[in-house]
Amino acid sequence: MDLSIPPHFKTHFAELFHQAASAITAVEPTLRVELARTKQASHGDYSCNLAMQLTKSLHNNPREIAQSLIAHLPDSPYIEKIEVAGAGFINVFLKNTAKQQYLKYVLQSREMFGHSTLGNGKKVQVEFVSANPTGPLHVGHGRGAAIGASLSNILSAAGYAVSREFYVNDAGRQMDILTLSTWLRYLELDNIQIPFPSNAYQGDYVKAMAELIYQAHGQRYVHQPESLLQDMPIAAQGAEMDTDERLDQLIANAKKILGEDYAYIHNFVLTEQLGDCRNDLMEFGVEFDTWFSEQSLFDNGLVAHTIELLDKRHFLYQQDGATWFRSTRFGDEKDRVVQRENGQFTYFASDIAYHLNKFERGFDQVINIWGADHHGYIPRVKGALQALGVDPAKLEIALVQFAVLYRNGKKASMSTRAGEFVTLRELRQEVGKDAARFFYVMRKSDQHLDFDLDLATSQTNENPVYYVQYAHARVCSVLAQWDGDRADLAEVDAAALINPAELGLLQKIIDYPDVTEIAAKELSPHLIAFYLRELASEFHSYYNSTRFLVPEISVQHARLALIASIQQILSNGLRLLGVSAPDKM
RNA sequence: GUGCCCGUAGCUCAAUUGGAUAGAGCACCAGCCUUCUAAGCUGGGGGUUACAGGUUCGAUCCCUGUCGGGCAUGCCA
């Protein structure tokens, strides 16, 4: 029996069943032969529902088909027995030796265990965070960052060539507001008091940037307030003073007064915020390959070019002085403006150019991680791609729901503009990187996440992060006390692993590559988090029931090989999630 | 009003995308440290999967309707 290269058992069996089906009947190409892990030990290790799927086309009862499939199944060295059960399930029992030998594969693969060639080198771009660089990242961005980074790691491990990208919205009105806000704070430093608009950026970081400019350049950017306040729309009696119109007029005046200097301040605050953002994310274990500037799309003429392309393909029309894209042709609720009455391109226009550019850069697949509040935006972007001749299925949008912080059982408030929000940095300082990363991906991405700060900081068994890390540290501790060479464990004959806890753990270990593949296919990092908790749980239980450093060497080595494999997987899995795997706790 | 998402144990959530008796963690109750880390373990109660129909060998999952919640519905980004 050759077990030197243990297979993915699921795929291995699926191939066998496919052959068996082909021997019985002409198999339709659409037929999916899949094995499922069983929930009950009495059902074996894997079950196949192929017989039931074939019931209709073969006009026979599933149990008879199952018998026939079994009769035509090629031999496999890994199968102990195989039987028909229930309505027509085919249950496969794995040989204990196959499970035991699997440890060699784990221990030889080391950090590569759980990696696969699923992606076949396909170029995938994952775009995430992409927050406006107008202030510190808050806890909402944190979830996108954690999910995007983990997902990128998972896809990379699954054999995709992943490129992580941050789209920098450096071209829009929000940047102008930040520039204005900073300049107003700067003027205050020179004792020029202009009422600070309530709809400008309030945070202390704005004042900090103003101080930096003042320290470096003194009064160079000081101008008298009269010119700044000219042409201001007169607010009606009792009406809101700080309207968007007034803010825009302030920006326009600032641009006029400052001239070339406006660009300096604009560029300064952008660089400052981007640097802060990059730094913040790096400390969160999140790094990007590309920081893509929205402004560059305008500078290179790509926006205008893209709009021209749409026009050539007759997907644009003029109405009310604006240029509209016929997104209703592609299932959108209404057509969308790409160029405003005042000649300005909309954000949507640059976004079309951006997405076209992504595919022109040769990505086979593009994944956008968006806040769930952007879901209404999907049809128009996909529509635009389709209009430009790009298969919209190549763009996958993963929606991430907001995280809501809870402290002492109470919601912690966060409003973005008012400057009261909880920043990602504060969260990291409070709960630590590991807990934050783990908690963020503990739920399915498109589900709301209640982030319990008290739980994340608790140093008790309630905290799932520590629970998993503790399992890892425990193994390390045992291996440290063992005086052998760890490399030898990869050659151990694990035949002594025969009790139910050990066989259960072996099967759990065998499951890991399936979990990483499914997580990659379904863009679901939370599956890794769940798996790690289950593995840790089974390990802790085993730890409490069984001694590893026993006198009998064959048993001792077998058990050490088992827990060393567990340690390897915990380490690999935590790495995917960006969580550290400490040797000691 | 319309569109999308959601509704699973007291709470927070899973469920290999249509599979077998729906699972974890908190919380609650009762136990386990002279033994490789008690940040751990063992046992216990907890459910008409919001509700009503439909599709089929089989439904938490698919379809229809009702109720309840979230988001979206800009010539903002």
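Just so it is clear: chains get the letters A, B, ... in the order the sequence lines come, proteins before strands, and each one is counted from 1. Atom set for the values below is all heavy atoms of this structure, side chains included, hydrogens, waters and symmetry mates excluded.
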Which residues within residues 329-338 of chain A lie with some heavy atom under 4.0 Å of an atom in RNA chain B? Glu333(A), Lys334(A), Val337(A)
By side chain to side chain contact (heavy atoms under 4.5 Å, CB included), which residues pair with Asp488(A), not counting sequence neighbours? Asp485(A)
Is a side-chain donor-acceptor pair under 3.5 Å present for His540(A) with Arg474(A)? yes
Checking Tyr543(A) now: which residues fulfil ring-ring contact (aromatic ring centres under 6.0 Å, His included) with it, not counting sequence neighbours? Phe539(A), Phe548(A)
Please list each protein N or O that sits under 3.5 Å from an N or O in nucleotides 12-19 of chain B, with the distance.
from   : atom 1 : to        : atom 2 : distance (Å)
U12(B) : O2'    : Arg443(A) : NE     : 3.4
U12(B) : O2'    : Arg443(A) : NH2    : 2.8
C13(B) : OP1    : His448(A) : O      : 3.1
C13(B) : O5'    : Arg443(A) : NE     : 3.3
C13(B) : O2'    : Arg443(A) : NH1    : 3.2
A14(B) : OP1    : Lys444(A) : N      : 3.0
A15(B) : OP1    : His526(A) : NE2    : 3.4
A15(B) : OP2    : Lys444(A) : NZ     : 3.3
U17(B) : OP2    : Glu34(A)  : OE1    : 3.4
U17(B) : O2     : Glu522(A) : OE2    : 3.3
U17(B) : N3     : Glu522(A) : OE1    : 3.4
U17(B) : N3     : Glu522(A) : OE2    : 3.0
U17(B) : O4     : Glu522(A) : OE1    : 3.1
G19(B) : N7     : Asn49(A)  : ND2    : 3.0

Going by the side chain to side chain donor-acceptor pair (under 3.5 Å) test, which pairs reach into residues 553-569 of chain A, not counting sequence neighbours? His472(A)-Gln567(A), Trp482(A)-Gln556(A), Arg486(A)-Gln567(A), Glu502(A)-Arg559(A), Gln568(A)-Asn572(A)
Using the 3.5 Å cut-off, write out each protein N or O paired with an N or O of nucleotides 31-35 of chain B and the distance between them.
from   : atom 1 : to        : atom 2 : distance (Å)
U35(B) : O2'    : Arg547(A) : NH1    : 2.6

Going by the rule ring-ring contact (aromatic ring centres under 6.0 Å, His included), which residues pair with Phe451(A) if we only count those two or more places apart in sequence or in a different chain? Phe439(A), Tyr440(A)
Categorize Asp514(A) for me: base, sugar-phosphate, or nothing, with a 4.0 angstrom heavy-atom threshold over every strand shown. nothing
Identify whether any heavy atom of Tyr543(A) sits under 4.0 Å from a base atom; if not, whether one sits that close to sugar-phosphate; answer base, sugar-phosphate or nothing. base
Touch class at under 4.0 angstrom, heavy-atom based, for Asp170(A) against every strand present: nothing
If every non-hydrogen atom of Ile307(A) is compared with every non-hydrogen atom of Leu316(A), which pair is closest and at what distance? O-CD1, 3.3 Å
For Thr546(A), which contact category applies under a 4.0 Å heavy-atom criterion: base, sugar-phosphate, or nothing? base
Residues that Glu165(A) engages under salt bridge (charged side-chain N to carboxylate O under 4.0 Å, His left out), provided they are two or more places apart: Arg361(A)
Which residues pass the salt bridge (charged side-chain N to carboxylate O under 4.0 Å, His left out) test with Asp373(A), sequence neighbours left out? none
It should be established whether Tyr467(A) places a side-chain nitrogen or oxygen under 4.0 Å from OP1 or OP2 of nucleotide C41(B). yes
Using whole Å, report how far CD of Glu341(A) lies from P of G74(B). 17 Å
Send over the distance from Arg533(A) CZ to G25(B) C1', rounded to a whole Å. 5 Å
Looking at Gln481(A), I'd like to know whether one of its side-chain N or O atoms comes within less than 4.0 Å of OP1 or OP2 on U37(B). yes
Look at all strands and tell whether His375(A) reaches a base, only sugar-phosphate, or nothing, counting heavy atoms closer than 4.0 Å. base
Looking at every strand, decide which applies to Ala473(A) at a 4.0 Å heavy-atom threshold: base, sugar-phosphate, or nothing. base
Please pick, from C76(B), C41(B), A20(B), the nucleotide with the shortest atom-to-atom distance to any side-chain atom of Arg173(A). C76(B)
Stems with RNA chain B, 3 or more Watson-Crick or G-U pairs in a row (under 3.5 Å), are B:1-7 with B:67-73, B:10-13 with B:23-26, B:28-32 with B:40-44, B:50-54 with B:62-66
Donor-acceptor pairs under 3.5 Å, side chain of residues 42-55 of chain A to any protein atom, not counting sequence neighbours: which ones?
from     : atom 1 : to        : atom 2 : distance (Å)
Asp45(A) : OD1    : Lys99(A)  : NZ     : 3.1
Asp45(A) : OD2    : Leu94(A)  : N      : 2.7
Tyr46(A) : OH     : Gln507(A) : NE2    : 3.2
Asn49(A) : OD1    : Gln53(A)  : NE2    : 2.9
Gln53(A) : NE2    : Arg32(A)  : O      : 3.3
Thr55(A) : OG1    : Ala51(A)  : O      : 3.2
Thr55(A) : OG1    : Met52(A)  : O      : 2.8

Say whether Glu396(A) and Asn368(A), considering side chains only, have a donor N or O and an acceptor N or O under 3.5 Å apart. no
Within less than 4.0 Å of OP1 or OP2 of A39(B), is there a side-chain N or O belonging to Tyr470(A)? yes
With rounding to the nearest 0.5 Å, note down the distance linking OG in Ser150(A) to CZ in Phe128(A). 9.0 Å
A77(B) base / Asp176(A) side chain donor-acceptor hit below 3.5 Å: no
The complete set of side chain to side chain donor-acceptor pair (under 3.5 Å) pairs with one or both residues in residues 319-333 of chain A, sequence neighbours excluded, reads Gln318(A)-Thr323(A), Ser327(A)-Asp332(A), Thr328(A)-Asp335(A), Asp332(A)-Arg336(A)
